[in-house]
Amino acid sequence: MASASLLKTSPVLDKTEFVKGQSLRLPSVSVRCHPAAPSALTVRASSYADELVKTAKTIASPGRGILAMDESNATCGKRLASIGMENTEANRQAFRTLLVSVPGLGEYISGAILFEETLYQSTVEGKKMVDVLVEQNIVPGIKVDKGLVPLAGSNNESWCQGLDGLASRSAAYYQQGARFAKWRTVVSIPNGPSALAVKEAAWGLARYAAISQDNGLVPIVEPEILLDGEHNIDRTFEVAKQVWAEVFFYLAQNNVMFEGILLKPSMVTPGAECKEKATPQQVADYTLSLLRQRIPPAVPGIMFLSGGQSEVEATLNLNAMNQSANPWHVSFSYARALQNTCLKTWSGRPENVKAAQDALLVRAKANSLAQLGKYTGEGESDEAKKGMFVKGYVY
């Protein structure tokens, strides 16, 4: 008779607000049998299974979405430079403090993706950023990838690095209070995409997702299909179907628990330089068709990226998608589409902090309404309607 072994013992859980008082049920066990070698029976179990499901459902809660504030220090520097500020740790700390300490933010934001510096950082008042988020019922998350590098043998495409040492880093992030992770890789339509690039993106996401779940972090799976290009919406749709088919094939091969992941897809839109623009209803129709064909209902949350759309455009498209019932929580995980007006309102001046926080709250509330299908677009500022696409954008 074949023997079975558990690949992991129960960890000592960090007693944050998200796990305090929670009793973990015995994990579900999946068995893969190999007829040719019955003695090779493998049992894979994650002692975090119940917690992963609870975390994913907390983030995918009605009327709420994710604030992506995980810009690398270099990218954060570009944002600060746009308002005439130097890229110093003190200035980055000041802006991040402004973001996490918005009164009432947790009503509309369920999770915040942080950069590593921010996860270990305190506010300007000396309070841990993580603690400030938890007090607002916002789940702290962490960007774990190490960025894009050229993919040898491809058509000038890229792959995402960061798997080396990911398990130990993820365990440390969990102890610091993170409860979900983010890994961003990209696919370029003008450059193909080549079968090699798609396969590399899908495999990397699957390995990252499995490692994250083994260490208590809900993985956000993000293969961003870049807006760059002159292609029409039908071309985006075909590429997106190809990419997501590959992603879920490898997620399954790596025994990733679908109930304990979140997705961060691109909306199905024409290329940014396409002459044929799409209406919010067209974006919704194409995107929902993609989801129905490729995404299992077991996935709790679809948290869309904005990808350079204007603040209003991203919100209108999300609202259109929520005009009909979906088997998933269809929501947002925006960076610039939440922060842009806020950053410009602040301009690095202490006297503008409240106005800047109010601006962020306006955008968070607008997207909360869009998640509920109740956004109208009335009263939006001209600044919020400005597109933010940057050709060849480096994150």
Side-chain angles (χ1 to χ4, degrees), residues 18 27-28 30 44 46 48-66 68 110-111 113 139 141 144 179-185 187 198 201-225 237 239-268 284 286-307 317-318 321-322 324-334 367 370-373:
F18 300 105
S28 58
S30 61
R44 180 183 182 276
S46 172
Y48 290 104
D50 288 350
E51 186 186 349
L52 291 169
V53 172
K54 181 179 179 181
T55 298
K57 287 182 176 179
T58 297
I59 296 172
S61 54
R64 299 205 296 166
I66 294 174
S110 55
I113 314 172
V139 184
V144 299
R179 289 296 177 269
F180 71 103
K182 177 244 181 127
W183 175 287
R184 173 187 180 259
T185 193
V187 172
V198 173
W203 177 256
L205 283 166
R207 289 305 307 141
Y208 138 78
I211 293 168
S212 295
Q213 288 190 340
D214 274 356
N215 290 280
L217 302 178
V218 170
I220 289 182
V221 178
E222 181 184 3
E224 178 177 352
I225 298 173
F237 181 72
V239 170
K241 285 200 299 182
Q242 175 190 359
V243 169
W244 281 106
E246 202 94 347
V247 167
F248 272 94
F249 173 78
Y250 286 118
L251 286 173
Q253 279 209 334
N254 282 272
N255 298 308
V256 172
M257 182 176 67
F258 293 168
E259 295 88 347
I261 67 174
L262 296 167
L263 305 187
K264 187 170 178 176
S266 309
M267 297 178 190
V268 180
Y286 274 87
T287 304
L288 291 175
S289 178
L290 167 70
L291 296 182
R292 293 182 187 117
Q293 292 182 45
R294 289 292 183 264
I295 310 303
V299 175
I302 317 288
M303 322 299 284
F304 282 99
L305 58 89
S306 56
N317 288 339
L318 177 63
M321 279 186 264
N322 281 296
S324 57
N326 297 303
W328 321 272
H329 172 81
V330 175
S331 192
F332 61 93
S333 177
Y334 295 163
N367 285 291
Q371 196 288 309
L372 299 170

Exercise for the section: Calculate, to the nearest 0.5 Å, the distance between atoms CD and CZ belonging to Gln371 and Arg64 respectively. Expected result: 10.5 Å

Fill in the blank from the handout: Scanning both residues in full, the closest heavy-atom pair of Ala68 with Lys264 reads CB-NZ, 3.9 Å

Handout entry: Distance-minimising heavy-atom pair for Phe180 and Ile59
Key = CD2-CD1, 3.5 Å

Practice task
Mark yes or no for whether Gln213, through its side chain, and Gly260, through its backbone, hold a donor-acceptor pair below 3.5 Å.
Solution key: yes

Completion exercise
The reported gap from CG in Leu217 to OH in Tyr48 (rounded to nearest 0.5 angstrom) is 8.0 Å

Practice task
Could you go through the side chain to side chain contact (heavy atoms under 4.5 Å, CB included) check for Ile220 and Ile113 one step at a time?
Solution key: CA-CA 10 Å; Ile220 289 182; Ile113 314 172; 4.1 Å; yes

Practice task
Would you indicate whether Lys241, at its atom NZ, is surrounded by more than 12 heavy atoms from other residues, nucleotides or ligands within a distance under 6.0 Å?
Solution key: yes

Practice task
Kindly compute the distance separating CG (Leu251) from CH2 (Trp203), expressed to the nearest 0.5 Å.
Solution key: 10.5 Å

Problem - Expected output: side-chain Ser333 to main-chain Phe304 donor-acceptor under 3.5 Å - result: no

Problem - Any donor-acceptor N/O pair, Asn326 side chain to Met321 backbone, under 3.5 Å - result: yes

Handout entry: Value rounded to 0.5 Å, distance of CG in Asp214 from CE in Met257
Key = 10.5 Å

Handout entry: Sub-4.5 Å side-chain heavy-atom contact between Pro219 and Trp183
Key = no

Exercise for the section: Using atom types as modelled and distance alone, determine if a side-chain donor or acceptor of Tyr208 lies under 3.5 Å from a backbone N or O of Ala181. Expected result: yes

Practice task
Look only at the side chain of Asn322 and the backbone of Ala370, and say whether a donor-acceptor pair between them is shorter than 3.5 Å.
Solution key: yes

Fill in the blank from the handout: To the nearest 0.5 Å, atom OG of Ser110 lies from atom CD1 of Ile66 at 6.0 Å

Handout entry: For the student: nearest non-hydrogen atoms of Leu288 and Ser324, plus distance
Key = CD1-OG, 3.9 Å

Problem - Nearest non-hydrogen partners of Leu263 and Val299, listed with the distance - result: CG-CG1, 3.9 Å

Handout entry: Heavy-atom donor-acceptor pair, Arg184 side chain to Glu222 backbone, under 3.5 Å
Key = no

Practice task
Would you name the heavy atoms of Val268 and Thr287 that are closest together and state the gap between them?
Solution key: N-OG1, 3.0 Å

Exercise for the section: Mind checking the CH2-CG spacing from Trp328 to Leu262? Nearest 0.5 Å is all I need. Expected result: 14.0 Å

Practice task
With the side chain counted from C-beta on, respond yes when Leu205 and Tyr250 share a heavy-atom pair under 4.5 Å apart, and no when they do not.
Solution key: no

Practice task
Check Pro223 against Val247 and note the closest heavy-atom contact, atom names and distance.
Solution key: CG-CG2, 4.1 Å

